[in-house]
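Here is the structure we will look at.
So you know, we letter chains A, B, ... as the sequences are listed, proteins then strands, and number each from 1. Please read all numbers here as calculations on a predicted model, not as lab measurements.
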Amino acid sequence: MSLTFDFVSPEPAATDRVTLFADVILPLPLPKLYTYRVPYEMNDEVVIGGRVIVQFGAKKTLSCIVAAVHETPPAQYQAKYILEFIDDAPVVTQPQLKLFRWMADYYMCTLGEVINAALPSALKLSSESRIQLHPAFVAEGSPYPISEPEQQILTALSTEDGKSMTFTEVGELLGVSSFHKVIKSLMQKDIIFLFEHLADKYSPKVVKKVRLAHHFIEESALETLFGQLAGRPKQLDVLMRYLQRVPVYQNIHANHRGLEKSALTSSPHLSPSAVNTLIKNGVLEQFDVIVSRFPLDDEPEAKLHFTFSEAQTTARDEILTQFSQRDIVLLHGVTGAGKTEIYIELIRNALDGGGQVLYLLPEIALTAQIVTRLMRVFGTRLGVYHSKFSDNERVEVWNGVLSGRFQVVVGVRSAVFLPFDNLALIIVDEEHESSYKQYEPAPRYNAREVALMMANYQGAKTLLGSATPAVETYYQTRAGRWGLVQLTKRFGEAGLPEIELVDTRKHREAKKMHNHFTPELLSEIERKLGLQEQVILFQNRRGYSPFINCLDCGWIPKCKNCAVSLSYHKHSHELRCHYCGYNDRMPVECPACGSRALKTVGFGTEKIEDDLKIMLPAANVQRMDLDTTRAKNSYQQIIADFENQVTNVLVGTQMVTKGLDFANVSLVGIINADSIIHYPDFRAHERAFQMFVQVSGRAGRKGKKGKVIIQTADPTQVIFDKVIRNDYLEFYEYEIGQRREYGFPPFMRVIRLTVKHVDQLLAEQAAILLTQELVERLGREAVLGPEAPYIFRIRNFYLQEITVKIDREHTVLKQAKAHVLAAMNVVKDQKEFKQARLVADVDPM
DNA sequence: AGCACGCCGACT
DNA sequence: GTCGGCGTGCTC
């Protein structure tokens, strides 16, 4: 990039001119800020939180965020000049910078890593960034004046369809170094848009739709048409279906909006060629619609009205009362009690007071349904921040929050990074969810904790919602620090489901198991299907079987990068590693001995689906797990099919435990409860309890009492008793006792350190040294390990884990983290461990 | 994170 | 004899 800065030699000093320096945050994992010099004539242009372009190292030009401006020249080195100023207003606000500093500190990572995670990549410019003409831009129709350099770029981009240019090329074209302002201006006028990688090139999602040709809308014309089609039953079928789906007469606009063509062509009862014939003969007309990535309901509801139950009204009032004394309130409400309506009320309330609102949901729960519902209430004031969104869409939300266009944002984990500066309320729904915690890469933050800190900084209230609150959260309410509001009644008077435990060991000994189904579960499924009711089956493992085994020589295929056996996936006929993604074809014969006796061992969702299809051929079984929902809209499709009762049985992993409510589900089966309970982790019981209760909550809606069948080899395990009676409190009392006794959160804080090394011995040695250094600084009792985790090698790295327990008190915690960092640095500075990677995870989940 | 500088194996 | 492997250190 031709970004050699032709710095104009300073004017003779008329007045005492100040020399300004800016500390910038580079979007890199570097421990400190870098100081650049502001050119005199740009002194008025520096904005804290604005982006500037600097040269970093010999080659790289990067955009970064100004974190501070001062007059202290660096003593050790000559500061380079800032090359360009992109923004005249902050893109990162002051409250954000404060929050990001806290995050870097608390989660033991660099500010650069936080910035990197926070900014949508279209805000992170580099010389490799590319621009493309906006598909919606038409040269004649632009309402904005276009400057000379802008026109130059426009012309260059118009030479061919979809042409793109890098910033370097733009710089060369214009022959000046300061072209970012031009690009920014073009972006604001919606003439171009920006992307980082060729893969991000804008390709609008187009849906083919059909509608009735307008001259048939007339009732008499339609009569005639029916007459003409009398001898063409297939075409008549299509037409009937169309009229059935689109209320042409009740609503004139309905026909204009039309119907997705696929709704007609993919129906098993209709002939696709008949659809095409109708189009060819001009009865139906086909048209394309550019749709949002987020499939929204295209039938806006005229008015939103929900009637609050008495319990809901009471809960809402109580929350408001508690907020007058406390900043944080937990809404403990059983599934199906109608928490969302309460949220909507509270959001409306906060907006009326002039503040901003952030509504966080776990990824899996941020569905089209909830967005549509919120859209109907909040209209264009609502921004949606979802990980499935393209970068351009994310920048739009970011800028919308900055400009005040979006007052409410509903979003996933990363929405805590958005540039709010006037928050009145944050809602964290399903606050116990582990998906609020980011594992990889840094920052390893928990959005719930970040939200609480952000609310604290901005003087906002926080409402946490859950049917099964995290033990840490409930503890805070018990200690009187946070408020607690209970919402125990299910909406519409549906009782809690009846839960039955079935002993798989007994059945197995008596040879009564049908594959992995107990007779109880199987007959109950049959019974429910006979009643036209639906069934959800939960199995917390995907694939067909966790491994295969040669019956003759005992060979078991293992992953070459990880210390795990390869899972068998029948559908794709592959062996796959669930940790690194390695896959191989399923062998016909054993590569070790040539035997063909390869047997699958254990079971996952795929096998459950398979077995059920064989045992109950009449049932329509669908599977929902990572493998069937990878494609873009397949998740929506599976949900829609189940909702419309196209499928009767839904088999799935965790995905089926949360999110959607289905009115017709009357039975939930947990195929193997034991694999969930027996997990080597202090949170295993909590996770199991949450999972059982959440999945049970899927059973029985709209007045129907549901049933849950839990299959286990040992029905006497203590946790079941609490699940059956849905006794959160008793579970909590038991669990908190355990946590106190063994010194786990909320009584202590945990930092998990992981040492990774390609060499097993070096990993162990580095971990031993790290442990010694930790013990020296924190004491023996604070350090657990080192220990190789159950899966001790992932992606060719051998792992060692050390758990550090620290007192919760703030000053102690801060000090302890400094000690941990010091210990880590000792190991890093050892040259034999140069290739070791050390990772700190604060508050791991 | 990149990228340059710097020391040891298979090639014209 | 050189080209290039990636190990280590630095970037205001």
Side-chain angles (χ1 to χ4, degrees), chain A residues 1 3-5 7 18-40 42-43 45-46 48 50-86 97 100-101 103-104 107-129 166-168 177 196-197 438 440-444 755-759 761-763 765-766 795-797 824-840:
Chain A
M1 176 154 36
L3 270 187
T4 41
F5 188 80
F7 185 61
V18 287
T19 305
L20 294 182
F21 294 91
D23 296 339
V24 302
I25 310 169
L26 292 155
L28 301 172
L30 299 166
K32 51 196 180 112
L33 302 185
Y34 284 74
T35 306
Y36 285 84
R37 185 171 168 178
V38 179
Y40 291 121
M42 296 298 188
N43 277 5
E45 307 263 330
V46 234
I48 291 179
R51 287 169 303 165
V52 295
I53 297 203
V54 297
Q55 174 124 46
F56 185 64
K59 273 235 171 73
K60 270 182 298 192
T61 34
L62 292 169
S63 75
C64 49
I65 303 286
V66 176
V69 178
H70 54 85
E71 292 177 34
T72 325
Q76 311 296 315
Y77 51 84
Q78 186 68 43
K80 284 187 186 172
Y81 280 103
I82 290 175
L83 300 179
E84 235 194 294
F85 295 79
I86 305 173
L97 280 173
F100 292 173
R101 282 201 186 93
M103 280 181 80
Y107 290 107
M108 300 173 74
C109 65
T110 69
L111 249 185
E113 285 169 323
V114 178
I115 281 285
N116 218 3
L119 294 186
S121 54
L123 290 178
K124 291 179 276 185
L125 311 175
S126 75
S127 48
E128 302 318 309
S129 301
T166 64
F167 277 27
T168 312
S177 61
E196 284 298 304
H197 305 285
Q438 170 156 312
E440 276 293 318
R444 295 174 175 78
V755 178
K756 310 181 188 186
H757 203 292
V758 283
D759 185 298
L761 188 66
L762 285 170
Q765 288 172 346
R795 291 171 195 272
N796 283 322
F797 279 90
M824 288 169 79
N825 282 330
V826 169
V827 178
K828 273 188 208 159
D829 288 346
Q830 217 78 34
K831 66 173 178 299
E832 62 262 48
F833 299 137
K834 272 276 144 38
Q835 288 186 77
R837 290 191 203 173
L838 305 186
V839 172

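Atom CD in A/Glu832 sits roughly 15 Å away from atom C1' in C/dT8 (whole-Å rounding). Between A/Gln76 atom CD and C/dC12 atom P there is a gap of 15 Å when expressed in whole angstrom units. One can place NZ of A/Lys32 at 11 Å from P of C/dC10, the figure rounded to the nearest angstrom. Summarising the geometry, the separation between NZ on A/Lys60 and C1' on B/dA4 is reported as 11 Å, rounded to the nearest angstrom. In this structure, CD of A/Gln55 is placed 13 Å from C1' of B/dC3, rounded to the nearest angstrom. Atom-to-atom, CZ of A/Phe21 to C1' of C/dC12 comes out at 11 Å; the value is rounded to the nearest Å. Look at NE2 on A/His757: it is 12 Å from C1' on C/dG7, rounded to the nearest Å. As rounded to whole Å, 14 Å separates atom P of C/dT11 from atom CD of A/Gln78.
By the 30° and 60° cut-offs, the orientation of the rings of A/Tyr34 relative to A/Phe56 is perpendicular.
A 4.5 Å side-chain heavy-atom check between A/Leu62 and A/Ile53 finds every atom pair outside the cut-off.
Across all strands shown, A/Leu26 has no heavy atoms under 4.0 Å from either base or sugar-phosphate atoms. Within 4.0 Å (heavy atoms only), A/Lys834 reaches sugar-phosphate atoms of the nucleic acid but no base atom.
Candidate nucleotides C/dT11, B/dA1, C/dT8 were compared by shortest atom distance to the side chain of A/Tyr34, and C/dT11 ranks first.
For A/Tyr81 and A/Arg37, the side-chain atoms include at least one donor-acceptor pair closer than 3.5 Å.
The local environment of CD in A/Glu440 is crowded, with over 12 non-hydrogen atoms from other residues, nucleotides or ligands closer than 6.0 Å.
In this structure, A/Phe56 counts as stacked on the base of C/dT11 under the 5.5 Å centre distance and 30° plane angle limits.
If you find the closest nucleotide of DNA chain B to A/Ala58 and to A/Glu113, the one lying nearer the 5' end belongs to A/Glu113.
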